[in-house]
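One structure is given below, encoded as structure tokens.
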Amino acid sequence: MIHQNRQKELLSQLDDNALVIISTNPEQFRNGDVTYAFRPQSDFFYLTGFEEPEAVAVISRKHYSMFLRDKDPAREIWDGERLGLIDAPEVLKLNQALNINNLEDQLSQLISTDSTIYFDAKPCEFDAKITGLLADYSIKSLQEPLHKMRLIKDESEIKTMQKAADISIIAHQQAMQYVAPGMLECDLQSVFDAHFVKNNAEHAYTPIVAGGKNACILHYIKNNQPLNDGDLVLIDAGCEFNNYASDVSRVFPINGRFSDAQKSIYQIVLDAQLAAIECIKPGVSVHEPHKIASSIIQQGLELLGLLKAGEPLSKFYMHGTGHWLGMDVHDVGKYQHKQQHRNFEKGMVITVEPGIYIRKDDKINSIYADIGIRIEDDILVTESGNTVLTGNLIKTINDIEALMSKN
Ligand SMILES: [Mn+2]
């Protein structure tokens, strides 16, 4: 029912004769005849719950049709079972199931002269073909109403996101207990790979496992360097469970003990993160966490003498403090409305992830050189405040050192 209700809610915001066309792509080849693991388009899955590749849903107030792959016994021996045209109407609650191979001939038959067509082409061949079939019609975008809906998570989505967060929490804890000097970053990454797979989850994004100075490369994904005694390691890794993401970063000392210099930078980021999380509740501007985090980091770095008063913070903190989280790790939904930052509402999920990155060439006191810290949690906005979905993952200096000293 959940998908039918979402369709209804979407249609209630569109023109009376709206015809929504929404697609999910075919499998993508990695090399030769090997495909990447298939993952449905988020918008398509959100509205249909259908997880097979190569399908187009056509939804109006009067009917719900879907073009999908038919049964193919020979292919199913290789690739697994397909729902097929006969069972699809009952399973997906369709009025009509149509063969995807007939899309070209039959799509126009579902369009009336007075239909208002809503379709957003993703940059892929499959959608380009659909755009071609709709060349004679004027097309409206679904993004605004649909992404407004996806921004507010319902009960079932929150449950799934909590599950994704819980899986990621355990993996981060295991990594803290597993790390040792001399290990390769990819060895430490394997903790996440194994724990995610064991739990029927996968990486929601390419994980960052960055020892020492690599943590100052914001999108470091090589993950193949040794982890050195005395350095920190930054891990930004979160799983996707049932198409919903978690996004978590922690930093900890490879040998289990923070140095004094590492402690002082870490504590600034943690103070900034805690204060930023604290402010999140309905009615507060979505820009507020960044404002709060930035001002705490600015003050902290000035106190350490790393920044002069009034010097721009972007030298050491060059990214935002968070982003929407949902089916996509950088989830859909607007941050502004009429050029004003919008306010938090119940059901939104946002990350809070301040950081400090001190590169050696910053010509600073060398005890702080090559320290990169980011602490990231996933925050659900509730009726009166917020819940930290990843709140069970330790992050104080004492808690991290205590966990790492246990064998
Ligand atoms: Mn993030």
Side-chain angles (χ1 to χ4, degrees), residues 39 42 147 150-151 153 157-158 160-172 175 185 189 192 196 201-210 214-223 232-241 243-252 266 269-270 272-277 279-280 286-294 297 314 316-335 341 344 348-357 372-381 386-395:
R39 197 267 192 195
S42 298
H147 293 174
R150 277 180 56 193
L151 183 53
K153 275 69 182 175
E157 293 180 291
I158 291 166
T160 307
M161 292 188 73
Q162 182 64 68
K163 171 86 179 167
D166 290 342
I167 295 168
S168 296
I169 289 170
I170 299 290
H172 276 270
E185 292 162 343
Q189 182 191 319
F192 292 82
F196 291 174
E202 58 195 300
H203 286 280
Y205 51 95
T206 309
I208 296 169
V209 182
N214 295 335
C216 296
I217 303 168
L218 297 181
H219 288 165
Y220 176 81
I221 51 170
K222 278 190 180 165
N223 303 353
L232 298 172
V233 58
L234 181 155
I235 300 183
D236 186 340
C239 76
E240 177 180 296
F241 180 77
N243 298 318
Y244 283 83
S246 56
D247 186 1
V248 189
S249 303
R250 285 294 185 269
V251 173
F252 47 91
Y266 187 93
V269 178
L270 182 57
Q273 203 232 13
L274 291 171
I277 292 172
C279 83
I280 294 175
V286 300
H287 187 57
E288 196 63 16
H290 185 63
K291 249 169 75 185
I292 291 176
S294 300
I297 291 173
S314 58
F316 298 117
Y317 181 33
M318 59 298 278
H319 59 74
T321 296
H323 51 82
W324 303 129
L325 183 70
M327 300 190 69
D328 298 333
V329 66
H330 295 159
D331 206 29
V332 295
K334 291 195 167 157
Y335 296 89
H341 291 290
F344 285 116
M348 291 174 168
V349 179
I350 195 160
T351 66
V352 175
E353 49 177 312
I356 297 177
Y357 312 90
I373 313 251
R374 177 166 63 256
I375 306 172
E376 176 175 30
D377 283 296
D378 303 342
I379 319 301
L380 166 70
V381 184
N386 69 69
T387 300
V388 184
L389 298 177
T390 45
N392 284 335
L393 180 56
I394 57 166
K395 57 185 170 186

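Atoms within each ligand, like the ligands themselves, are counted from 1 in listed order. Start at 1 with the first residue, then count along the sequence.
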**Asked** Parallel under 30°, tilted from 30 to 60°, perpendicular over 60°: which one fits the rings of His287 and His290?
**Response** tilted

**Asked** Can you give me the OD2-the Mn ion (ligand 1)-OE2 angle for Asp247 and Glu353, to 10°?
**Response** 150°

**Prompt:** the Mn ion (ligand 1) to Asp236: any N/O/S contact under 2.8 Å?
**Reply:** no

**side-chain contact (heavy atoms from CB on, under 4.5 Å) between Glu240 and Asn243, intermediate numbers included** = CA-CA 6 Å; Glu240 177 180 296; Asn243 298 318; 3.6 Å; yes

**Prompt:** Between Lys395 and Asp377, is the closest basic N to carboxylate O distance under 4.0 Å?
**Reply:** yes

**Asked** Do the charged groups of Glu157 and Arg150 touch, with an N to O distance under 4.0 Å?
**Response** no

**Fill in**
At the Mn ion (ligand 1), OE2 of Glu376 and NE2 of His323 open up to roughly (10° bins) 120°

